[in-house]
Amino acid sequence: MSETRFTKDHEWVRLDGEVAVVGITEHAQDALGDVVFVDLPEAGRAVEEGESIATVESVKAASDVYAPLAGTVVEANQAVADDPAL
């Protein structure tokens, strides 16, 4: 069973085998309101802990998503990019 860890910036990270899955918390989603655009990182991109790796835009504001740990992006959730309301 995986354990989910949270950052002070409202990201979460969960290990799925050897892959770390990253997202934003429900609190962050609620604070943003209706999300209209998500800019996700490309597979293969090397990231450092604390680096901005994605942008989430809503009708209220735009917010960066920060890498909770260093590594290489394996894949991004294309469904979220196609339908930001997810």
Side-chain angles (χ1 to χ4, degrees):
M1 184 159 159
S2 294
E3 183 177 342
T4 303
R5 302 281 181 133
F6 298 89
T7 72
K8 64 180 176 62
D9 296 314
H10 303 287
E11 290 89 13
W12 56 260
V13 60
R14 179 179 58 243
L15 287 180
D16 184 11
E18 294 183 6
V19 175
V21 180
V22 176
I24 62 173
T25 64
E26 288 289 327
H27 175 78
Q29 293 174 47
D30 290 343
L32 282 167
D34 294 330
V35 175
V36 295
F37 177 76
V38 179
D39 182 29
L40 299 174
E42 291 186 24
R45 176 179 165 189
V47 298
E48 296 296 323
E49 181 178 348
E51 177 184 353
S52 175
I53 57 170
T55 303
V56 179
E57 294 183 15
S58 72
V59 294
K60 292 182 182 180
S63 182
D64 287 329
V65 177
Y66 300 98
L69 45 92
T72 302
V73 176
V74 177
E75 69 178 311
N77 187 342
Q78 190 58 45
V80 172
D82 294 341
D83 184 4
L86 291 175

Rounding to 0.5 Å, atoms CD (Glu11) and CD1 (Ile24) come to a distance of 8.0 Å

CG of Leu32 to NE2 of His27, rounded to nearest 0.5 Å, is 9.5 Å

Minimum heavy-atom distance [X]-[Y], with the two atoms named:
X: Glu57; Y: Ala62; answer: CG-CB, 3.7 Å
X: Pro68; Y: Glu49; answer: O-CG, 3.6 Å
X: Val36; Y: Pro84; answer: O-CG, 3.5 Å
X: Glu48; Y: Ala67; answer: O-CB, 3.5 Å
X: Trp12; Y: Thr4; answer: CB-CG2, 3.8 Å

Using a 6.0 Å cut-off, check whether atom [atom1] of [X] has over 12 heavy atoms from anything other than its own residue.
X: Glu51; atom1: CD; result: yes
X: Asp34; atom1: CG; result: no
X: Gln29; atom1: CD; result: yes

For the hydrophobic clusters of this structure (ILVMFWY residues joined by side-chain heavy atoms under 4.5 Å, transitively), does one cluster hold both [X] and [Y]?
X: Leu40; Y: Val56; result: yes
X: Val21; Y: Val13; result: no
X: Val65; Y: Val38; result: yes

Any [X] side-chain heavy atom under 4.5 Å of [Y] side chain:
X: Val73; Y: Ile53; value: no
X: Val47; Y: Pro41; value: no
X: Tyr66; Y: Thr7; value: no

